[in-house]
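Here's the structure, in structure tokens; my notes come after.
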Amino acid sequence: MRQWCRGRGLRRIRRSARRGRAREGCMAEHSYQPSEIEPKWQAVWAERGAFRTPTDPAELAAKPKFYVLDMFPYPSGAGLHVGHPEGYTATDVIARMKRAQGFNVLHPMGWDAFGLPAERAAVREGLHPAVITERNIATFRTQIQRLGFSYDWEREISTAAVDYYRWTQWIFLKLYERGLAYEASVPVNWCPALGTVLANEEVKDGAYVETGDPVERRLMRQWMLKITDYAERLLVDLEELDWPESVKEMQRNWIGKSRGADVVFRIDGGERSFTVFTTRPDTLFGATYCVLAPEHPLLAEITTAGQRAAVEAYVAAAAQKTDLDRTDLAKSKTGVFTGALAVNPVNGQKLPIWVADYVLMGYGTGAIMAVPGHDERDHEFARAFGLPIVEVVAGSGSPVGEAAYTDNQDGVLVNSTAPDGFSIDGLKVPEAIARITAWLEERGLGRERVQYRLRDWLFSRQRYWGEPFPVVHAEGGEVVPLPEDWLPVELPVIDEFKPTDDGQPPLARAGEQWLRVTLPDGRSGTRETNTMPQWAGSCWYYLRFLDPRNDRQAWSPEAERYWMPVDLYVGGVEHAVLHLLYARFWHKVLYDCGYVHTKEPFQRLFNQGMILAHSFRDAGGKYYHPAEVEERGGRSFVAGTDTELESQIEKMSKSKLNVVNPDDVIAAYGADAMRLYELFMGPLEVQKPWQMKDVEGVNRFLQRVWRLVVDERTGERAARLSDEPPASAPELLRSLHKTIKKVTADTEALQMNTAISQMMIFVNDATATPRVPVEIVTTFLRLLAPFAPHLCEELWLRLGEADLMAHAPWPGHDPELARDELLTIVVQVNGKRRGELQVAPGTRDEEIRRLALASEA
RNA sequence: GCGAAAGUGGCGGAACCGGUAGACGCGCGAGACUUAGGAUCUCGUGGGGGUCCCCCCGUGGGGGUUCGAAUCCCCCCUUUCGCACCA
């Protein structure tokens, strides 16, 4: 026994569990027993439908609404870790408080159930992805329910259920009708390891963000969604949202709006021309060469015979490169002269045209004018190939031959006069840009333009476990959307989930019966065999929660009008761009269709920080489970040995052996202590380490609350409780009202850590009070109930209350009783202490000054 | 490189709009009650002085504004997170 439970954390857990059992049997029979009261109350809540969302129209009309939503989980095989319940606990506290405050609350939970991991597990285990998914959902549901969250489980949904995804398909048809879904042959991110394409948002540094598998460029026919049509609205509407600034900023960066101009360059000695996009048209006089991307269509036409071999070799080499190679910043610039010359429209200068892979075909026009004097990349390129560098903006401390001067505010234009006399010399950059843009427009040589970095959303995947597209390819190749009443297109049951040998998606294995379709007009066709990406289902699940059992509509207009928008949405930052951008896009399309009445789906967003954990590693880099580690003199060793370990705080992961399972924590301390600790750890939004020792602290707090009410030896009401009026304990009453005030305000602001510390202060005060009016305790329990609902429900019952605590109203505070004490202000003159003042908080500076001067005299 | 956020005891973290640090919890120390307790209760706990009244130093570093700065301003350092050849 000793040998296998040496580690501190685990030993503590086992010890606590033992202690719990021991107590049940012998002396302290009436001590706090979360393992008994928690399942009991969870069953009562379920039986009595305590958290059912109101649906009766009169009831809905009678109260204001509050929609509080968690980012629903992907039910992975690993089960829940302690990071999941952090956000869930926060939203549950809010949901319970809002109910108590008289709101109709919608607080649902569901499963983002389609996706690659289930498909891979299916291959590994020889089971169907649907079976794997069902199993994982069951695990997640059990784990989540153990925490006593007040979800309305009657509204549970799964994106992989037919009665859900038929509406995902329906929304796709709406997108198609509006011309927002189209097929195109585009260069895609193909991941050979996964056998599928990926969205731009899923690829970083040439690799799939989830697994790190390399991604290469391929030209493929794929479904695309025209999110670019919504770029401006997605950008502008961010302003109205109560979201973390960092997330808004990330979305702004992703959308990447830049203002500039298109400028047309004629090719010397012919009629052909090409257009460049630039944000700095003011530097046009400083252009000394042009560059085309290797994929630029004009390239082959203009390359001269003498340069053809070199250019073709360069283009071929660029095509071979992975994105990773092409975006490697460490590498130096490469390129080849095409032999062709372009004519600078502003002064007629002949500029050599180069091809180089630092110019991307996917952004702007795939062609640039290069101004090495005022652009770092062009500068580096010009230096590498000995191209001229001309200064046209003055103001830099060093010559442009040494470093590009890129300031775009205060620089003053020089050397910028055209042969016809037009000049922007002497102007500051912003004015120069306006002037030259107008000049170009007058002559038809260019025009102002806004450019976005956002690309269209690559919306198909070569996978099985996703939503089938509701479209058919008719004979002759025409794409035909299916009529709405043909939905759902059910995912056929197949037994092999790999692509076919000739590279078709897995659904090509479904057989003629599924693949062949006779269309309404009598033609026959073949079903689309790609499926939708995992993001599809999560783009609108918050709408299905409004009316999840509706089999005639995706949701009813009445429910939508009542509940939307989501008032509070809580989840991790990892979705700052992907899910949150996609969902906003779909929502705006649905808004344009008239199916939703708000421009934005999520009014307030909150990102909880990641929970980290200590991990232990020896000099060789091998990880040890915390149960094998012992601490001596502030250092860590492998238990029973002198092998010293390095301890660090890291993201929880299987390979680092530092994952904390909520089930273990609940077994040792109970769900209420778990809930409380999740919130007491620190501010919700920051990263913080899980420290099992600290759970003891909140556990002791709950024990003290228990003993405040229950005599542990007899199980009777504690002798300290009195039936006298609250005013009989004036100090405690003040403490109570301050607590009501602070808990209400802090919880509203999602600062639950300080709300809990205030409740601890109150309980410490109560413990020190000889005669505690019972009414003060019941009021306090109503405050604590959203945080520790099982304990409070039990104590509420023991104090003789008839109705559920879950239905008790939220207490209000008396401002007079909750008022802060006077502040002490030390009066100082030139840093020397000269006296003290007692003032009320909020006293104005002038008043303080006046009082200080008066006291001085 | 660019952008954002943040640096407070042995640890997690408090501190409203500048009001005189370290709430609450962990850990640690002392005591009480106990056959015993790693339970519970009480007291103490930033550092350094000092015959217990108190003094000095303290919120990453350096300047500044102010009667007064963890909080506001400038420069620097560090960490975390985004973006990364986007013309």
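Values below: all heavy atoms of this structure, side chains included; hydrogens, waters and symmetry mates excluded. Here is how names work: the chains are called A, B, and so on, in the same order as the sequence lines, proteins then strands, and each is numbered from 1.
Heavy atoms of other residues, nucleotides or ligands lying less than 6.0 angstrom from CZ of A:R447 number 12 at most.
Spacing between atom CG of A:L702 and atom P of B:A39 amounts to 16 Å, rounded to whole angstrom units. In this entry the distance linking OH of A:Y677 with C1' of B:G25 reads 10 Å, nearest Å. The interatomic distance linking A:E376 (CD) with B:G1 (P) rounds to 11 Å, in whole Å. To the nearest angstrom, C1' of B:U80 lies 13 Å from CD1 of A:I649. Atom pair A:Q687:CD and B:A4:C1' shows a separation of 15 Å (rounding to whole Å applied). Taking atom CD of residue A:E678 and atom C1' of nucleotide B:G12, one finds them 14 Å apart after rounding to whole Å. Computed from coordinates, the A:F680 CZ to B:C24 P distance equals 10 Å when rounded to whole Å. Following rounding to the nearest Å, A:R713 (CZ) and B:U34 (P) show an atom-to-atom distance of 13 Å.
Taking atom C1' on both nucleotides, B:G49 is separated from B:A36 by 42 Å, rounded to a whole Å. Going from the P atom of B:C75 to that of B:G25 covers 41 Å, rounded to whole Å. Using atom P as the reference point in both B:U59 and B:A5, the two lie 23 Å apart (nearest Å). A gap of 25 Å separates the P atoms of B:U8 and B:G3, to the nearest Å. Separation of the P atoms belonging to B:U80 and B:C85 is 22 Å when rounded to the nearest angstrom.
Ring geometry, A:F385 versus A:W354: the interplanar angle falls from 30° to 60°, so the pair is classed tilted. The aromatic rings of A:Y358 and A:F381 sit tilted relative to each other, their planes meeting at an angle between 30° and 60°.
Under 4.0 angstrom from either OP1 or OP2 of B:G25 there lies at least one side-chain N or O belonging to A:N764. One finds no side-chain N or O of A:R252 lying less than 4.0 angstrom from the OP1 or OP2 phosphate oxygen of B:A4. Here A:R700 reaches the OP1 or OP2 of B:C26: one of its side-chain N or O atoms lies under 4.0 Å away. In terms of phosphate contacts, A:N753 brings a side-chain nitrogen or oxygen within less than 4.0 Å of OP1 or OP2 of B:A14. For the OP1/OP2 pair of B:A39 and a distance below 4.0 Å, the side-chain nitrogens and oxygens of A:R707 include no atom meeting the criterion.
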**OP:** May I have the step-by-step check of side chain to side chain contact (heavy atoms under 4.5 Å, CB included) for A:M674 and A:T89, ending in yes or no?
**Re:** CA-CA 9 Å; A:M674 165 96 191; A:T89 308; over 6 Å; no
**OP:** Begin with the C-alpha distance, continue with both residues' side-chain angles, and end with the deciding distance and a verdict on side chain to side chain contact (heavy atoms under 4.5 Å, CB included) for A:F762 and A:K742.
**Re:** CA-CA 11 Å; A:F762 170 81; A:K742 187 161 174 63; over 6 Å; no
**OP:** Kindly determine whether A:H813 and A:L736 satisfy side chain to side chain contact (heavy atoms under 4.5 Å, CB included), including the steps that lead there.
**Re:** CA-CA 8 Å; A:H813 70 273; A:L736 175 72; over 6 Å; no
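Residue whose closest nucleotide on RNA chain B sits further toward the 5' end, between A:M681 and A:M369: A:M681. Ranked by how close their nearest RNA chain B nucleotide is to the 5' end, A:Q691 and A:V698 are led by A:Q691.
A donor-acceptor contact under 3.5 Å links the side chain of A:K333 to the base of B:C85.
Looking at the side chain of A:K693, the nearest of the listed nucleotides B:A14, B:G27, B:A87 is B:G27.
Within 4.0 Å (heavy atoms only), A:I761 reaches sugar-phosphate atoms of the nucleic acid but no base atom. Across all strands, A:S258 comes closer than 4.0 Å only to sugar-phosphate atoms, never to a base (heavy-atom distances).
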Subject >> Base-pair map of RNA chain B as dot-bracket, where | denotes pairing with a different strand and pairs are Watson-Crick or G-U under 3.5 Å >> reply: (((((((..(((......[....)))((((((.......))))))((((....))))..(((((..]....))))))))))))....
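The existence of a salt bridge linking A:R252 and A:E249 is confirmed by a sub-4.0 Å separation between a basic side-chain nitrogen and an acidic carboxylate oxygen.
Under the 4.5 Å side-chain criterion, counting only non-hydrogen atoms from C-beta, A:R455 is not in contact with A:I227.
Here the options are A:Q608, A:K688, A:R675, the test is side-chain hydrogen bond (donor to acceptor under 3.5 Å, both in side chains), and the partner is A:E86; only A:K688 passes.
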